[in-house]
Peer 1: 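Quick one: the structure is below, questions incoming.
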Amino acid sequence: MSSIIDALADGFIDGGVDLLYGFPGFKSEAVLERIDSDFKISVNERVAYGEAYGASIGGKRSLVGFKNIGLNIASDAYSHSIISGVNAGMVVLVADDIEVWGSQESQDTRELVDCYGGFLYEPESLQSAYDFARHSFYLSEKLDVPIVVRITNQALAATGEYIRAGKINSIHKDPALNNPQKYVVHPYYFRQQSLRLERKRKIFQDTVNSMYSISTKNHSSSQCAITSFGFCNDAINSATVCCKLKINTIPNPTDALNKHLKNHTRNYIIESGGPYLYNKASVAYRLKNLVPLSPVSDIAGTIEMKKWFRYEPLFTLINRAKLRYGAIVSADIAQFTVESMDVVDVALSMGASIPIAIGLYQASKASSIAILGDCSFNHEGIQVLYEAVRRNISMHVFIIDNEVSWCTGCQKNASPISNLIFPETINYAKFNYSVDTFKNIENRIRDIMTSSSGITLTHIIVPIGSADR
């Protein structure tokens with residue numbers, strides 16, 4: 001049996017994908033690795049998006065992947081690329097962890113794409129995933145926009161079969177040169193770009209409306225009906241109502257949706273994520289007969305994140321220093337963020353721990369400790385340490401470095417921490433985490449907490465360890 005990962009990967013391959021980029025998150029990386037086992041992660045999602053867009057401008061069909069929270073990070077470039085458009089086809093694969101199997105919280109990419117006025121497709125079966133992935137680069141070129149493909153927990157839980165079609169030969173384009181009116185998003189060109197964007201969005205809507213048709217034959221006005229968005233087949237197939245409309249796109253098909261909803265006295269809306277379609281339909285058509293439903297996959301709720309004990313000796317020492325010296329601990333999002341000692345006081349997002357520590361020190365002059373992993377450190381970038389030096393910050397940074405993105409399958413870090421050049425004024429030390437060196441780490445923590453001012457950075461190399469979460 002095949003999975004949605006297989007269907008999408010084969011679709012993108014057969015659609016003529018040339019170059020892959022991404023930052024791992026919630027199985028998005030599995031599609032990229034299925035296409036190319038040597039796929040290398042980017043420093044963060046914003047960088048990955050820029051690289052993929054550059055490949056498109058350079059004439060090659062590109063695919064970039066990350067999870068829903070990753071699109072937030074890339075949204076500045078994404079929103080502007082809708083204005084400028086593409087050269088060769090570009091597709092953005094977003095894996096929405098709406099049931100919070102392994103993310104910080106639940107977000108719905110449809111709301112973000114709708115806000116920016118882009119184009120999104122969400123498959124409702126493995127076959128539709130393959131078919132659209134295969135067609136997506138061509139559609140991107142036709143509509144002159146990066147295409148977003150959204151999958152959710154329900155899609156990732158599904159298995160089945162799909163039929164492959166022939167491979168589409170990628171037609172490599174010349175690099176897009178000497179056309180700043182199109183590709184330079186700047187106030188100087190905004191008037192003509194905004195007019196072009198308005199025309200493009202009308203084409204988006206016309207294209208979507210042409211993809212759907214609905215017949216009212218044999219359906220009286222007293223019947224109930226279901227409207228679904230995306231991968232909700234189990235709930236739809238088990239329903240007794242006979243009139244069903246499956247929606248896969250943003251923009252929504254206004255013509256078909258209007259005809260479908262107004263032809264019934266009771267309409268069930270089923271979708272993976274928040275009440276996006278329900279809210280849109282309620283506002284657009286002012287109907288009071290809509291009933292929202294939420295599909296729940298068989299896997300939902302079975303994955304329980306556990307507190308770690310792997311680095312308990314280290315966190316015991318940090319916790320002791322925290323309590324003794326009144327330190328405030330910020331951390332990035334990682335497996336050790338919630339560990340056995342409950343050391344961390346605040347954690348916001350990947351790459352945010354050091355900026356938070358900077359603000360904490362400036363606001364309170366309290367001793368600040370930032371704990372993060374190697375991928376998290378690269379995600380924000382070494383420039384944040386130079387920022388801390390410029391602001392005359394005193395803080396203690398601990399980098400727990402296993403040289404991989406452990407939570408997503410141990411992909412190699414984009415840039416080894418050991419290769420970086422830290423500011424000269426930083427008190428830096430590196431240790432291998434083992435029984436033989438632990439006493440040295442203990443002495444280091446005691447010394448820096450009692451006598452060091454400015455910025456200290458303790459770089460601890462740890463083994464990858466088992467995959468038990």
Peer 1: Report yes or no: does Asp374 contribute a side-chain atom to a donor-acceptor pair with the main-chain N or O of Pro416 at less than 3.5 Å?
Peer 2: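 Looks like no, no N/O pair under 3.5 Å.
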Peer 1: Indicate yes or no: at least one non-hydrogen side-chain atom of Ile371 is less than 4.5 angstrom from one of Ser353.
Peer 2: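 With C-beta onward as the side chain, the pair stays apart.
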Peer 1: So, taking the atom named OG in Ser228 and the one named NZ in Lys246, what distance separates them when rounded to the nearest 0.5 Å?
Peer 2: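 Reported value, rounded in 0.5 Å steps: 6.5 Å.
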Peer 1: Examine the side chains of Asn153 and Asp97 and answer whether a donor and an acceptor come within less than 3.5 Å of each other.
Peer 2: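 Present: a donor and an acceptor within the cut-off.
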Peer 1: Which pair of heavy atoms, one from Pro146 and one from Val92, lies closest together, and at what distance?
Peer 2: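 In this case the closest contact between Pro146 and Val92 is CB-CG2, 4.3 Å.
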Peer 1: Among side-chain atoms of Thr152 and Asp96, is any donor-acceptor pair under 3.5 angstrom?
Peer 2: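 Not at all, the side chains of Thr152 and Asp96 share no donor-acceptor pair under 3.5 Å.
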Peer 1: Please examine the side chains of Ile445 and Met449, heavy atoms only from C-beta on, and report whether any two atoms are closer than 4.5 Å.
Peer 2: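 With C-beta onward as the side chain, the pair touches.
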Peer 1: Is there a donor-acceptor contact under 3.5 Å from the side chain of Lys200 to the main chain of Ile82?
Peer 2: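 Side chain of Lys200 to backbone of Ile82, a donor-acceptor pair under 3.5 Å: yes, one is there.
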Peer 1: Could you check whether Asn432 and Thr437, counting side-chain N and O atoms only, form a donor-acceptor pair closer than 3.5 Å?
Peer 2: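 The criterion, which ignores hydrogens and geometry beyond distance, is not satisfied for Asn432 and Thr437.
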Peer 1: Say you draw a straight line from OH of Tyr428 to OG1 of Thr458; how long is it, rounded to the nearest 0.5 Å?
Peer 2: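 Rounded to the nearest 0.5 Å, the OH-OG1 separation comes out at 9.5 Å.
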Peer 1: Test side-chain contact (heavy atoms from CB on, under 4.5 Å) on Thr207 and Thr249; report intermediate values, then the result.
Peer 2: CA-CA 10 Å; Thr207 300; Thr249 58; over 6 Å; no
Peer 1: Is there a side-chain contact between Ile270 and Leu277 (heavy atoms, below 4.5 Å)?
Peer 2: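 The answer is no; the side chains never approach within 4.5 Å.
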Peer 1: Would you mind listing every salt bridge (charged side-chain N to carboxylate O under 4.0 Å, His left out) that reaches into residues 8-19, with sequence neighbours excluded?
Peer 2: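 Salt bridge (charged side-chain N to carboxylate O under 4.0 Å, His left out) check on residues 8-19 returns Asp10-Arg34, Asp10-Arg164, Asp14-Arg164.
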Peer 1: Does Tyr21 have any ring pair (Phe, Tyr, Trp, His ring centres under 6.0 Å) partners at least two apart in sequence or in another chain, and if so, which?
Peer 2: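 Expected list: none.
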Peer 1: For Tyr433, does the OH atom have more than 12 heavy-atom neighbours from other residues, nucleotides or ligands under 6.0 Å away?
Peer 2: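 Atom OH in Tyr433 is packed in, count exceeds 12.
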Peer 1: Has the side chain of Ser140 got a donor or acceptor atom that lies under 3.5 Å from a matching backbone atom of Ser136?
Peer 2: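 It does not hold such a pair.
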Peer 1: Check for a donor-acceptor pair, side chain of Tyr212 on one end and backbone N or O of Asn248 on the other, with a separation under 3.5 Å.
Peer 2: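 Side chain of Tyr212 to backbone of Asn248: a pair is present.
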Peer 1: For the backbone of Arg150 and the side chain of Glu122, can you confirm whether one donor and one acceptor N or O come within less than 3.5 Å of each other?
Peer 2: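 Looks like no, no N/O pair under 3.5 Å.
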Peer 1: Whether the side chain of Glu271 engages the backbone of Tyr278 through a donor-acceptor N/O pair (distance < 3.5 Å, no angle test) should be reported.
Peer 2: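 Yes.
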Peer 1: Taking the side chain as every heavy atom from C-beta outward, state whether Ile354 and Glu380 have any atom pair closer than 4.5 Å.
Peer 2: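 Side chain of Ile354 against side chain of Glu380, heavy atoms only: no contact under 4.5 Å found.
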Peer 1: Between Ser56 (side chain only) and Asn87 (backbone N and O only), is there a donor and an acceptor less than 3.5 Å apart?
Peer 2: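 Yes; judged by distance alone, with no hydrogens or angles, the pair exists.
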Peer 1: Quick check: do Tyr78 and Asn72 have side-chain heavy atoms less than 4.5 Å from each other?
Peer 2: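 Side-chain contact under 4.5 Å: no.
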Peer 1: Quick one: ring pair (Phe, Tyr, Trp, His ring centres under 6.0 Å) partners of His379, sequence neighbours excluded?
Peer 2: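 His379 satisfies ring pair (Phe, Tyr, Trp, His ring centres under 6.0 Å) with Phe23 only.
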Peer 1: Atom OG1 of Thr109 and atom CG of Leu120: how far apart are they, to the nearest 0.5 Å?
Peer 2: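 Nearest 0.5 Å value for the OG1-CG distance: 7.5 Å.
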Peer 1: Checking Val397 against Leu372 for the side-chain contact (heavy atoms from CB on, under 4.5 Å) test, could you report, in this order, the C-alpha distance in whole Å, the side-chain angles of both residues, the deciding distance, and whether it holds?
Peer 2: CA-CA 8 Å; Val397 179; Leu372 63 164; 3.7 Å; yes
Peer 1: Does the side chain of Asn378 reach to within under 4.5 Å of the side chain of Leu420, using non-hydrogen atoms?
Peer 2: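 Answer yes - side chains close enough.
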Peer 1: Under the rule for salt bridge (charged side-chain N to carboxylate O under 4.0 Å, His left out), what residues qualify as partners of Lys322, not counting sequence neighbours?
Peer 2: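 Here the qualifying residues are Asp345.
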Peer 1: More than 12 heavy atoms of other residues, nucleotides or ligands under 6.0 Å from OH of Tyr188: yes or no?
Peer 2: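 No, the 6.0 Å shell around OH holds no more than 12 heavy atoms from other groups.
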Peer 1: Taking atom CZ of Phe190 as the centre, report whether more than 12 heavy atoms of other residues, nucleotides or ligands fall under 6.0 Å from it.
Peer 2: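 No, the 6.0 Å shell around CZ holds no more than 12 heavy atoms from other groups.
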Peer 1: What pairs of residues pass the salt bridge (charged side-chain N to carboxylate O under 4.0 Å, His left out) test when at least one of them lies in residues 182-195, not counting sequence neighbours?
Peer 2: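 Found Asp144-Lys182.
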Peer 1: Looking only at atom types and distance, does a side-chain atom of Arg444 sit under 3.5 Å from a main-chain N or O of Phe431, one as donor and one as acceptor?
Peer 2: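 Flag not set: sc Arg444 to bb Phe431 has no pair under 3.5 Å.
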Peer 1: Passes side-chain contact (heavy atoms from CB on, under 4.5 Å), Ile382 versus Tyr386? Steps please.
Peer 2: CA-CA 7 Å; Ile382 194 170; Tyr386 286 91; 4.3 Å; yes
Peer 1: With sequence neighbours left out, what residues match Phe66 under ring pair (Phe, Tyr, Trp, His ring centres under 6.0 Å)?
Peer 2: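 Partners of Phe66 under the ring pair (Phe, Tyr, Trp, His ring centres under 6.0 Å) test: none.
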Peer 1: Does the cation-pi check pass for Arg110 over Phe229, that is, NZ or CZ under 6.0 Å from the six-membered ring centre and within 45° of its axis?
Peer 2: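 Yes, Arg110 lies over the aromatic ring of Phe229.
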Peer 1: Less than 4.5 Å apart, side chain to side chain, heavy atoms only: is that true for Ile393 and Gln362?
Peer 2: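 In short, these two side chains touch, coming nearer than 4.5 Å.
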Peer 1: List the steps and the verdict of side-chain contact (heavy atoms from CB on, under 4.5 Å) for Leu314 and Ile400.
Peer 2: CA-CA 10 Å; Leu314 173 62; Ile400 299 175; 4.2 Å; yes
Peer 1: CD of Glu161: more than 12 outside heavy atoms within 6.0 angstrom?
Peer 2: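 Above 12, so yes.
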Peer 1: Grab the two heavy atoms, one from Asp332 and one from Gly351, that are nearest each other, plus how far apart they are.
Peer 2: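 Shortest heavy-atom contact: OD2-N, 2.6 Å.
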Peer 1: Could you tell me whether Leu177 atom CG has more than 12 heavy atoms of other residues or ligands within 6.0 Å of it?
Peer 2: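 Atom CG in Leu177 is packed in, count exceeds 12.
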Peer 1: Between Pro463 and Asn402, which heavy-atom pair has the shortest distance, and what is it?
Peer 2: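 Smallest interatomic distance, heavy atoms only, reads O-CB, 4.1 Å.
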Peer 1: Taking all non-hydrogen atoms of both residues, which atom of Ala88 and which atom of Arg61 are closest, and how far apart?
Peer 2: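 Closest approach of Ala88 to Arg61: CB-N, 3.8 Å.
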Peer 1: When you measure from the side chain of Gln127 to the backbone N and O of Ile163, does any donor-acceptor pair fall under 3.5 Å?
Peer 2: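 Side chain of Gln127 to backbone of Ile163, a donor-acceptor pair under 3.5 Å: yes, one is there.
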Peer 1: Any side-chain donor-acceptor pair under 3.5 Å between Glu51 and Ser42?
Peer 2: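 Short answer, yes.
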Peer 1: Any side-chain heavy atom of Ile399 within less than 4.5 Å of one from Leu457?
Peer 2: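 Yes; the side chains approach each other to less than 4.5 Å.
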Peer 1: Ignoring hydrogens and geometry beyond distance, is a side-chain donor-acceptor pair present between Ser3 and Asp6 at under 3.5 Å?
Peer 2: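 Note: Ser3 and Asp6 side chains meet the donor-acceptor criterion.
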Peer 1: Working to the nearest 0.5 angstrom, can you tell me the gap between Asn179 CG and Gln181 CD?
Peer 2: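 Output value for this atom pair is 5.5 Å.
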Peer 1: Looking at every non-hydrogen atom in both residues, tell me the closest pair between Ala133 and Leu8 and how far apart they are.
Peer 2: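 In terms of heavy atoms, the two residues are closest at CB-O, 3.8 Å.
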Peer 1: Work out which heavy atom in Ser28 is nearest to a heavy atom in Pro24; give both atom names and the distance.
Peer 2: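 The pair with the smallest heavy-atom distance is OG-C, 4.4 Å.
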Peer 1: Which residue, Tyr183, Tyr116, Tyr49, forms the side chain to side chain donor-acceptor pair (under 3.5 Å) with Ser81?
Peer 2: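 For Ser81, the side chain to side chain donor-acceptor pair (under 3.5 Å) test succeeds with only one of Tyr183, Tyr116, Tyr49, which is Tyr49.
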Peer 1: Is Gln383 atom CD crowded by more than 12 heavy atoms from other residues, nucleotides or ligands, each under 6.0 Å away?
Peer 2: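 Result for CD/Gln383: enclosed.
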Peer 1: Once the angle between the rings of Phe204 and Phe119 is folded into 0 to 90°, is it parallel (under 30°), tilted (30 to 60°) or perpendicular (over 60°)?
Peer 2: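 Perpendicular, since the angle between the ring planes exceeds 60°.
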